[in-house]
Amino acid sequence: MAHIEEIANHEGRSVTLRGWLHKRRSSGKIHFLTVRDGTGFIQAVMSKAAVGEELFLQAGHLGQETAIVIQGEVRADARAPGGYELDVSEMSVAGETRDYPIAPKEHGVDFLLDRRHLWIRSERQHAILRIRHTVINAVRDFLNNQGFTLADTPIFTPAACEGTTTLFQVPYFDHATAFLTQSGQLYNEANAMALGRVYSFGPTFRAERSKTRRHLTEFWMVEPEMAYATLDDAIDLAESLITAVVARALETRGRELETLERKRGSLEAIQAPFPRITYDEAVHMLQNHGRPIEYGDDFGGPDETFLAEQFDRPVAVHHYPTATKAFYMKPDPEHPDLSLSVDILAPEGYGEIVGGGQRLDDLDLLLRRITEHDLPQEAFEWYLDLRRYGNVPHAGFGMGIERLVAWICGLEHVRETIPYPRMLYRLTP
RNA sequence: UCCCCUGUAGCUCAAUUGGUAGAGCGAGCGGCUGUUAACCGCUAGGUUGCUGGUUCGAGUCCAGCCGGGGGAGCCA
């Protein structure tokens, strides 16, 4: 038994592959069967002389995506995309297929998304999902090696974290309404006071009526939080995390990046240090290029794209106006109208992949901000306890996995980075 | 919530000014010993998103509805 991704280890030997028929071409007395097994794709060559009349005839009528078990000798071949081919000696059908709906041809987005459960079998989607897996693993490995403890935060939450307009509501038995989490932020702060360096990693939900290539209603976010830490610590961490993740993808997913025709050069440029500019500098850059932005405004999508295009690696924009950020963001003690916040914008127009900063640790000011934001104080009593008992400076950020993967893969749309994307008008399959 | 685009065969798309709905791919059958979205031949495949209107005649023009895509705002 062998797997395609490590087929090179079996050169010259006969192996058995269990998989599915991805494509088939025939040329008289020879069939070319592209077989996939979940780990990769390989071309199996079946000649009538080698397998006999009966099996050859059967193979000639197999439908695309028929489950097959094949046996054959592994042979290096310069003509093969992966460098190896299989000379088939035996084949059996494990599961029949007739009229597989997705042809190896052009299809529209709607058609493919309706058949997402089958679309993920394609070479391109396979490559993307494998890279997603590698990215998630690299994130976890990096944080674990830096002494972070995984402490996941609840998905059912009793109240909003940053506002109430973008939350999904769920009936919670017959006595309450729960909200699906939009961030583990507040719980991460509590966990950091218990465990020092922590992170949460899970799905988050935003009921924003966004219909763009950067938005999903359900997406995955990793949120590290550190006690005894400042804004600069958070930026340093994000920088080394992103660098490590990109390096891992380059190192272990070269084949998949090649399938996606992703240029390695732009990923190889992702090295620390990242450029760091203040919000003020960013506004000047935008205004100098004629973009209509007022000082004090948050950036729009096109503004972020413009800023990111000025650099060959992610850019950290810090010290946003306090008014544009969440209530728990700490104002700069020397310039209270600016906050100790940071967004990291990915290159090539992929937008904000990281948002975070240093948290507001002054109890009185926090109480005032909660009132200013019209938030119910009683819902935040537990959070305020963190400022009452052993309060220390702390910082962290959230990083969106789908935007990160879309950028690393060079995709047009984040919907391809998750097995089953959830969007404004799409809830199935 | 707002703006723009779009809906014809299983898929991707044609169809001149309103005048007999076509092609390629896919599927089925056959041919071909090195194909890479192979190639060649044959066959089957249509309530032109839905409802109504104008007209001798509507895929085409008009109205409403439904579906899809992209963007703004908001965000990761």
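Letters go in sequence order (proteins before strands), and every chain restarts at 1. Below, all heavy atoms of this structure are taken into account, side chains as well, without hydrogens, waters or symmetry copies.
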Heavy-atom donor-acceptor pair, A/H215 side-chain to B/C75 base, under 3.5 Å
yes

A/R426 atom CZ is separated from B/G69 atom C1', nearest whole Å, by 10 Å

- Query: If you look at every strand shown and take non-hydrogen atoms under 4.0 Å, does A/T34 touch a base, only sugar-phosphate, or nothing?
  - Reply: nothing

From CZ of A/R25 across to P of B/C25 the rounded distance in Å is 16 Å

The answer to which of A/D110 and A/T324 contacts RNA chain B further toward the 5' end, by nearest nucleotide, is A/D110

What is the nucleic acid contact for A/V414, judged by heavy atoms within less than 4.0 Å: base, sugar-phosphate only, or nothing? nothing

- Heavy atoms under 4.0 Å, any strand shown: does A/R75 hit a base, just sugar-phosphate, or nothing? base

When rounded to whole Å, the NZ to P distance for the pair A/K48 and B/G34 reads 14 Å

- Query: A/E106 near the nucleic acid: base, sugar-phosphate alone, or nothing, with a heavy-atom cut-off under 4.0 Å?
  - Reply: base

Note to self: If you go through the side-chain atoms of A/R403, does one of them form a donor-acceptor pair with the base of B/C75 closer than 3.5 Å?
What the structure shows: yes

Rounded to the nearest 0.5 Å, the NE2 atom of A/H31 sits from the CD atom of A/Q58 at a distance of 10.0 Å

Ranking A/K23 and A/G60 by the position along RNA chain B of their nearest nucleotide, the one closer to 5' is A/G60

Heavy atoms under 4.0 Å, any strand shown: does A/H22 hit a base, just sugar-phosphate, or nothing?
nothing

Open item on the list: Any side-chain N or O of A/K105 below 4.0 angstrom from OP1/OP2 of B/C25?
Closed with: no

So A/G108, base contact, sugar-phosphate only, or nothing? Heavy-atom distance under 4.0 Å. sugar-phosphate

Hey, does the side-chain of A/S210 have a donor or acceptor N/O within less than 3.5 Å of a partner on the base of B/G73?
yes

*Which part of the nucleic acid, if any, lies within contact of A/E218, taking any heavy atom under 4.0 Å across all strands shown: a base, the sugar-phosphate backbone alone, or nothing?*
nothing

Do A/T166 and B/C74 have a side chain to base donor-acceptor pair shorter than 3.5 Å? no

Base, sugar-phosphate alone, or nothing: which one does A/F32 contact when heavy atoms must sit under 4.0 Å apart?
base

- Message: Using a 4.0 Å heavy-atom cut-off, does A/P101 contact any base of the nucleic acid, only the sugar-phosphate backbone, or nothing at all?
- Response: nothing

Whole-Å distance, A/K211 NZ to B/U1 P, equals 12 Å

_Considering every strand and a 4.0 Å limit on heavy-atom distances, what is the contact class for A/S47: base, sugar-phosphate, or nothing?_
nothing

field: Pairwise side-chain contact, A/I30 with A/M46, heavy-atom cut-off 4.5 Å (strictly under)
entry: no

